[in-house]
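Heads up: numbering here begins at 1 and tracks the sequence. As the structure lists them, so they are numbered: ligands from 1, and atoms in each ligand from 1.
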Amino acid sequence: MSETLANLLQETRQFPPPAELVAAANVTADAYDEAADDRLAYWERQARRLHWSKEWDQVLDWSNPPFAKWFVGGRLNVAYNCLDRHVAAGNGDRVAIHWEGEPGDTRTITYADLLAMTSQAANALTELGVTAGDRVAIYLPMIPEAAVAMLACARIGATHSVVFGGFSADALTNRIQDASAKVVITADGGYRRGKPSPLKATVDEAVSRCPSIEHVLVVRRTGQEVAWSEKDVWWHETVETASTEHTAEAFDAEHPLFILYTSGTTAKPKGILHTTGGYLTQAAYTHHAVFDLKPETDVYWCTADIGWVTGHSYIVYGPLANGATQLMYEGTPDTPHRGRFWELVQKHKVTILYTAPTLIRTMMKWGDDIPKGYDLSSLRLLGSVGEPINPEAWIWYRENIGRGECPVVDTWWQTETGAIMISPLPGVTAAKPGSAMRPLPGISADVVDDQAEPVPNGGGGFLVLTEPWPSMLRTIWGDDQRFIDTYWSRFEGLYFAGDGAKKDDDGDLWLLGRVDDVMLVSGHNISTTEVESALVSHPSVAEAAVVGATDPTTGQAIVAFTIPRGHIDTEGDAGTALIAELRNHVAKTLGPIAKPRQIMLVPELPKTRSGKIMRRLLRDVAENRSLGDVTTLQDSSVMDLISSGMRSGK
Ligand code: 6R9
């Protein structure tokens with residue numbers, strides 16, 4: 001990594017925060033100093049933003065690293081913090097969720113409603129024999145019941161394991177078995193691109209292989225036909241008939257709140273375990289600090305799916321703990337038309353939007369005219385998460401969605417970190433397009449070389465976290481050794497994030513993608529992110545994914561899969577000329593060593609449900625291999641599209 005081309009960082013634009021935001025910001029520059037003076041005291045103050053039925057005796061117990069305990073001895077209930085206390089404070093009538101179904105049906109749910117629904121679900125789960133410490137799998141579409149199911153589990157101390165509604169029966173089976181879940185909560189189906197897709201049938205297949213499952217609780221969403229067995233119970237017959245009264249009991253700060261599986265690149269999915277007090281503290285604090293949330297006036301929208309960690313921390317726990325009013329949308333951005341997101345922003349006067357670079361690049365591809373057709377003047381802050389955001393996409397987002405005025409916060413974090421770790425503060429930071437900037441107050445990160453030595457400004461290496469943080473994963477479910485091996489063994493005493501990063505001359509951080517994706521070309525380490533950003537900076541390119549393919553002369557060679565912008569002609573000679581131009585453009589932007597050996601013009605890229613490009617599959621294509629595991633692909637027809645629609649040039 002240290003050999004990464006020194007001239008790659010050329011982005012020098014910088015955008016200071018707007019004056020009105022600075023004047024009223026939730027968090028100011030002093031926070032960095034306060035946290036640096038006494039990190040644990042800083043987190044203790046953030047924990048007091050929550051309601052504890054018993055305060056902690058010790059902020060952090062790090063006597064047995066890497067197994068952390070935060071807020072030792074403290075007791076609290078997560079659902080109480082997300083619901084009851086807002087209702088008790090007189091905010092029961094505030095809208096918690098403006099929900100928009102894909103077919104156009106809508107629901108408006110206040111905090112009082114959400115508390116009643118959650119209490120009913122808590123009573124129903126208890127009735128089904130679920131008790132504190134049991135695991136409950138949740139396999140639902142983006143409907144309010146997904147949030148209710150999670151909160152109900154939290155309320156009774158059951159540990160939830162949410163599995164993406166798009167995952168296969170195999171993926172669901174593995175996750176249920178790994179956690180020995182007792183109940184699975186699902187729906188008959190969900191809407192996707194205008195069609196009802198079955199969920200219950202997938203659950204039936206999984207449950208037939210999962211003896212631990214005692215009951216299947218089924219929400220009726222689409223009304224489609226479902227098979228029925230004696231384990232099955234309808235949500236509307238059990239939950240909606242249960243009492244709306246339920247007294248929340250406090251649990252230990254280290255009580256397991258949820259397991260969420262990350263697939264990693266190859267092996268068996270890892271069940272990332274998060275606990276109660278530290279997780280909620282950091283989810284709530286970061287949502288308050290990074291999004292500058294004003295609960296009385298803001299309308300917040302995070303476009304993630306609830307099955308992704310972003311949905312856990314920034315749809316359910318962070319926003320609800322802060323009493324936010326939010327929009328929740330069931331469907332895809334192009335159903336029934338490509339302006340759907342902007343139509344929703346206009347309708348609900350969304351003020352804060354949190355989405356992923358993949359979506360921003362898709363919108364770039366669809367063209368500037370689409371957002372221009374809507375009134376987006378309510379927006380005041382934009383966020384990005386999931387992948388490095390290329391400078392051009394960042395600028396496009398700010399200009400076309402944020403009127404050239406809204407700050408953009410590029411937030412780096414992981415399922416494992418539980419909450420945002422590195423991000424600008426919108427009222428403090430003069431952000432640079434493409435940089436996540438600095439660790440938040442109370443967070444310690446660095447970039448180190450092979451020998452675990454911090455690199456100087458201007459250098460590149462491995463991103464590490466140097467101090468424990470409240471929402472850190474506590475272990476991999478059932479596999480402490482794998483937890484140690486995966487995250488704590490590469491560098492003594494440091495958390496290894498698996499991402500490459502650079503420090504610029506000011507010490508600001510630029511994330512370069514997973515270290516597994518770094519290419520080694522003629523002895524030079526080149527990051528896929530930087531070549532992708534160079535491609536996206538060309539006006540004809542909407543999206544690019546770059547991989548290293550085995551090459552007899554250079555070891556690895558750069559192969560780029562590129563989606564042209566909507567209006568670009570790629571037929572015949574025009575396509576050949578574009579490919580030649582793009583190769584030269586990369587060489588000119590980054591240096592000749594980074595010139596792709598091959599560029600393919602493609603209509604789509606393979607992505608996971610959370611929008612991450614599956615470079616592994618593109619490597620298979622680049623090296624003419626048959627495709628590896630495609631079960632986590634968002635849309636399995638994409639690989640056929642790529643192979644059939646490919647225009648290739650060397
Ligand atoms: C929240 C989430 C984690 C990986 C992470 C990194 C990439 C996420 C990023 C980013 C650059 C950002 N990532 N945010 N890379 N800039 N702002 O995405 O969790 O699904 O576990 O993925 O995503 O590579 O290591 P998760």
Side-chain angles (χ1 to χ4, degrees), residues 162 164 167 258-265 269-274 279 282-283 286-287 290 302-315 317-318 354-361 382-391 393-394 397 408-424 429 431-440 443 445 447 460 462-465 471-473 476 486-487 495-502 508-518 527-530 532-533 545 607-616 632 634:
V162 181
F164 258 135
F167 279 177
F258 67 85
I259 304 168
L260 186 58
Y261 288 83
T262 65
S263 53
T265 38
K270 301 186 283 277
I272 303 301
L273 178 70
H274 284 288
Y279 171 79
Q282 195 174 330
T286 51
H287 183 257
V290 173
C302 168
T303 68
D305 191 287
I306 228 147
W308 186 23
V309 71
T310 305
H312 283 57
S313 301
Y314 298 106
I315 294 178
Y317 294 117
Y354 191 29
T355 192
T358 173
L359 214 123
I360 298 163
R361 292 188 299 256
L382 304 174
S384 171
V385 60
E387 282 197 290
I389 177 166
N390 328 94
W394 195 103
Y397 193 27
V408 176
V409 289
D410 174 13
T411 63
W412 179 90
W413 60 294
Q414 309 176 298
T415 306
E416 292 87 341
T417 69
I420 299 172
M421 302 293 282
I422 305 175
S423 166
T429 314
K432 301 172 183 173
S435 171
M437 305 300 289
R438 297 197 168 210
L440 289 176
I443 299 298
V447 180
F462 303 95
L463 182 73
V464 293
L465 302 169
S471 63
M472 65 196 282
L473 76 166
I476 292 173
T486 310
Y487 304 106
Y495 172 88
F496 172 61
D499 282 359
K502 275 183 142 175
D508 293 321
L509 300 175
W510 297 72
L511 277 304
L512 298 175
R514 305 293 299 165
V515 289
D516 307 342
D517 288 334
V518 169
S527 104
T528 48
T529 301
E530 287 179 303
E532 287 161 9
S533 289
K607 287 178 191 157
T608 64
R609 283 289 300 272
S610 66
K612 293 191 209 316
I613 296 167
M614 293 182 73
R615 292 187 183 72
R616 175 170 59 76
T632 54
Q634 177 182 23

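For Y397, the ring pair (Phe, Tyr, Trp, His ring centres under 6.0 Å) test picks out no residue, with sequence neighbours left out. Partners of P388 by side chain to side chain contact (heavy atoms under 4.5 Å, CB included), not counting sequence neighbours, listed by chain and number: T529. Not counting sequence neighbours, the partners of D508 by the side chain to side chain contact (heavy atoms under 4.5 Å, CB included) test are K432, S435, M437, R438, D504, D506.
Taking the six-membered ring where the residue is Trp, the centroids of Y487 and Y495 are separated by under 6.0 Å. Between Y317 and H312, the distance separating the two ring centers is not shorter than 6.0 angstrom.
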Exercise answer, ligand 1 polar atom pairs (N/O) under 3.5 angstrom:
{"unit_1": "ligand 1", "atom_1": "13 (N)", "unit_2": "G386", "atom_2": "O", "d": "3.3"}
{"unit_1": "ligand 1", "atom_1": "14 (N)", "unit_2": "G386", "atom_2": "N", "d": "3.1"}
{"unit_1": "ligand 1", "atom_1": "15 (N)", "unit_2": "P388", "atom_2": "N", "d": "3.4"}
{"unit_1": "ligand 1", "atom_1": "16 (N)", "unit_2": "E387", "atom_2": "O", "d": "3.4"}
{"unit_1": "ligand 1", "atom_1": "17 (N)", "unit_2": "D410", "atom_2": "OD1", "d": "2.7"}
{"unit_1": "ligand 1", "atom_1": "17 (N)", "unit_2": "T411", "atom_2": "O", "d": "2.8"}
{"unit_1": "ligand 1", "atom_1": "18 (O)", "unit_2": "K612", "atom_2": "NZ", "d": "2.9"}
{"unit_1": "ligand 1", "atom_1": "19 (O)", "unit_2": "T415", "atom_2": "N", "d": "3.4"}
{"unit_1": "ligand 1", "atom_1": "20 (O)", "unit_2": "W308", "atom_2": "NE1", "d": "2.8"}
{"unit_1": "ligand 1", "atom_1": "20 (O)", "unit_2": "K612", "atom_2": "NZ", "d": "3.4"}
{"unit_1": "ligand 1", "atom_1": "21 (O)", "unit_2": "T415", "atom_2": "N", "d": "2.8"}
{"unit_1": "ligand 1", "atom_1": "21 (O)", "unit_2": "T415", "atom_2": "OG1", "d": "2.6"}
{"unit_1": "ligand 1", "atom_1": "22 (O)", "unit_2": "K612", "atom_2": "NZ", "d": "3.2"}
{"unit_1": "ligand 1", "atom_1": "23 (O)", "unit_2": "G386", "atom_2": "O", "d": "3.2"}
{"unit_1": "ligand 1", "atom_1": "23 (O)", "unit_2": "K612", "atom_2": "NZ", "d": "3.3"}
{"unit_1": "ligand 1", "atom_1": "24 (O)", "unit_2": "D499", "atom_2": "OD1", "d": "2.9"}
{"unit_1": "ligand 1", "atom_1": "24 (O)", "unit_2": "D499", "atom_2": "OD2", "d": "3.0"}
{"unit_1": "ligand 1", "atom_1": "25 (O)", "unit_2": "Q414", "atom_2": "NE2", "d": "2.9"}
{"unit_1": "ligand 1", "atom_1": "25 (O)", "unit_2": "D499", "atom_2": "OD1", "d": "3.1"}
{"unit_1": "ligand 1", "atom_1": "25 (O)", "unit_2": "D499", "atom_2": "OD2", "d": "3.0"}
{"unit_1": "ligand 1", "atom_1": "25 (O)", "unit_2": "R514", "atom_2": "NH1", "d": "2.8"}

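Side chains of Y354 and T310: a donor-acceptor N/O pair is absent below 3.5 angstrom, by distance only.
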